[in-house]
Engineer: 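Sending over a structure as structure tokens; questions will come in a sec.
We count residues from 1, following the sequence as given. Note that this is a predicted model, so its numbers are computed, not measured.
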Amino acid sequence: MGTVEAANKQAIESTLAQKKPKVVFVLGGPGSGKGTQCANIVEHFGYTHLSAGDLLRAEIKSGSENGTMIQNMIKEGKIVPSEVTIKLLEKAILENENDKFLIDGFPRNEENRAAFEAVTGIVPEFVLFFDCPEEEMEKRLLSRNQGREDDNIDTIRKRFKVFLESSLPVIEHYNSKGKVRKIDAAKPVGEVFETVKALFTPVDEKASA
């Protein structure tokens with residue numbers, strides 16, 4: 001069994017290595033506005049937006065054995081194993097013609113990060129971190145009321161706590177490598193995107209602008 005898995009891993013690594021995708025991780029607390037900004041980046045810079053949460057939800061909907069396992073883990077409040085999420089991300093990257101990807105809401109913790117780099121051999125170009133005060137995120141989540149049952153005050157605060165505890169070590173790791181681009185996400189959407197745009201505009205274009 002182990003040898004088959006090792007061979008599969010090697011096959012994935014070699015195809016991903018040939019593809020050499022450009023990956024940007026997008027991190028930010030719930031309500032930091034990263035979904036809106038990801039949509040803007042896709043529209044202006046031609047990236048493909050991959051949301052780890054959406055991929056897991058799609059797998060559950062597909063009714064596969066893997067999907068059932070994911071659903072049970074989420075129901076029990078457990079974090080889905082890194083390998084499962086990474087496999088879904090790899091598959092999405094390989095099946096897409098594009099070579100530029102925004103990976104949103106992943107890595108969720110330090111173990112995710114280490115596993116992603118080890119399995120895929122991909123190191124992100126940079127990490128886009130939407131930094132937003134908790135009060136502001138709370139206000140946004142309560143006012144958007146998208147009918148998501150997790151948008152109530154207790155759940156929101158739990159989600160903030162989980163985000164801080166698990167994602168900050170990831171941000172610190174990449175920060176030590178000079179790869180974090182911190183955005184003040186409390187500003188109006190348009191202003192935030194102006195800052196984001198500057199990070200994605202190639203240097204030569206900036207010079208001629």
Engineer: Answer whether the closest heavy-atom distance between the side chains of K177 and V123 falls below 4.5 Å.
Structural biologist: no
Engineer: Apply side chain to side chain contact (heavy atoms under 4.5 Å, CB included) to I183 and L199, showing your working.
Structural biologist: CA-CA 10 Å; I183 304 280; L199 296 174; 3.7 Å; yes
Engineer: Mind listing the closest non-hydrogen atom pair of V180 and N175 along with its distance?
Structural biologist: CG2-N, 3.3 Å
Engineer: Taking all non-hydrogen atoms of both residues, which atom of E111 and which atom of S82 are closest, and how far apart?
Structural biologist: OE1-OG, 2.6 Å
Engineer: Quick check for you: to the nearest 0.5 Å, what is the distance between H49 atom NE2 and I103 atom CD1?
Structural biologist: 10.0 Å
Engineer: Shared ILVMFWY cluster between V84 and F116, side chains joined below 4.5 angstrom?
Structural biologist: yes
Engineer: Do L102 and F200 have side chains that get closer than 4.5 Å, going by heavy atoms?
Structural biologist: yes
Engineer: Salt bridge (Lys or Arg N to Asp or Glu O under 4.0 Å), that's the test. Do E135 and K139 meet it? Break it down for me.
Structural biologist: CA-CA 6 Å; E135 310 76 72; K139 202 169 78 188; over 6 Å; no
Engineer: Got a donor-acceptor contact below 3.5 angstrom from the K197 side chain to the H44 backbone?
Structural biologist: no
Engineer: Between the side chain of K22 and the main-chain N/O of F101, is any donor-acceptor distance below 3.5 Å?
Structural biologist: no
Engineer: To the nearest 0.5 Å, what is the distance between CZ (F193) and NZ (K187)?
Structural biologist: 15.0 Å
Engineer: Would you compute the distance between atom CG of D184 and atom CZ of F130 and round it to the nearest 0.5 angstrom?
Structural biologist: 11.0 Å
Engineer: Are the side chain of S167 and the backbone of L164 linked by a donor-acceptor contact shorter than 3.5 Å?
Structural biologist: no
Engineer: Testing L128, I171, V127 for side-chain contact (heavy atoms from CB on, under 4.5 Å) with F25, which one passes?
Structural biologist: V127
Engineer: Could you grab the distance from atom CZ of F106 to atom CG of L89, nearest 0.5 Å is fine?
Structural biologist: 5.5 Å
Engineer: Restricting to non-hydrogen atoms, name the atom on L50 and the atom on A92 that form the minimum distance, rounded to 0.1 Å.
Structural biologist: CD2-CB, 3.7 Å
Engineer: Please name the pair of heavy atoms, one in I122 and one in P21, separated by the smallest distance, quoted to 0.1 Å.
Structural biologist: CD1-CG, 3.7 Å
Engineer: Given side chains that start at C-beta, do those of F129 and Y174 come closer than 4.5 Å, heavy atoms only?
Structural biologist: no
Engineer: Between L27 and V170, is any pair of side-chain heavy atoms under 4.5 Å apart?
Structural biologist: yes
Engineer: With a 4.5 Å heavy-atom cut-off, do N112 and T85 have their side chains touching?
Structural biologist: no
Engineer: Give, for atom CD1 of I60 and atom CD of Q71, the distance between the pair rounded to the nearest 0.5 Å.
Structural biologist: 5.5 Å
Engineer: Search all heavy atoms of M73 against all heavy atoms of V80 and return the closest pair with its distance.
Structural biologist: SD-CA, 4.3 Å
Engineer: Suppose we screen for side chain to side chain contact (heavy atoms under 4.5 Å, CB included). Which residues come up paired with E138, at least two apart in sequence or across chains?
Structural biologist: E134, L142, I153, I156, R157, F160
Engineer: Does Q37 reach the side chain of V189, with side-chain heavy atoms less than 4.5 Å apart?
Structural biologist: yes
Engineer: Should R113 and E110 count as side-chain neighbours, where that means a heavy-atom distance under 4.5 Å?
Structural biologist: yes
Engineer: What pair of heavy atoms forms the shortest contact from N98 to G46, and how long is it?
Structural biologist: ND2-O, 2.8 Å
Engineer: Counting heavy atoms not belonging to R108, are there more than 12 under 6.0 Å from its CZ?
Structural biologist: no
Engineer: I'd like to know if E83 pairs up with K87 as an ion pair, taking the criterion as any Lys NZ or Arg NE/NH1/NH2 lying under 4.0 Å from an Asp or Glu carboxylate oxygen.
Structural biologist: no
Engineer: Would a single hydrophobic cluster contain both V119 and L88, if residues Ile, Leu, Val, Met, Phe, Trp and Tyr are joined by side-chain heavy-atom contacts under 4.5 Å?
Structural biologist: yes
Engineer: Between atom CD of E65 and atom CD of E59, what is the distance when rounded to the nearest 0.5 Å?
Structural biologist: 11.0 Å
Engineer: Side chains of V24 and I41: does their closest heavy-atom pair fall under 4.5 Å?
Structural biologist: no
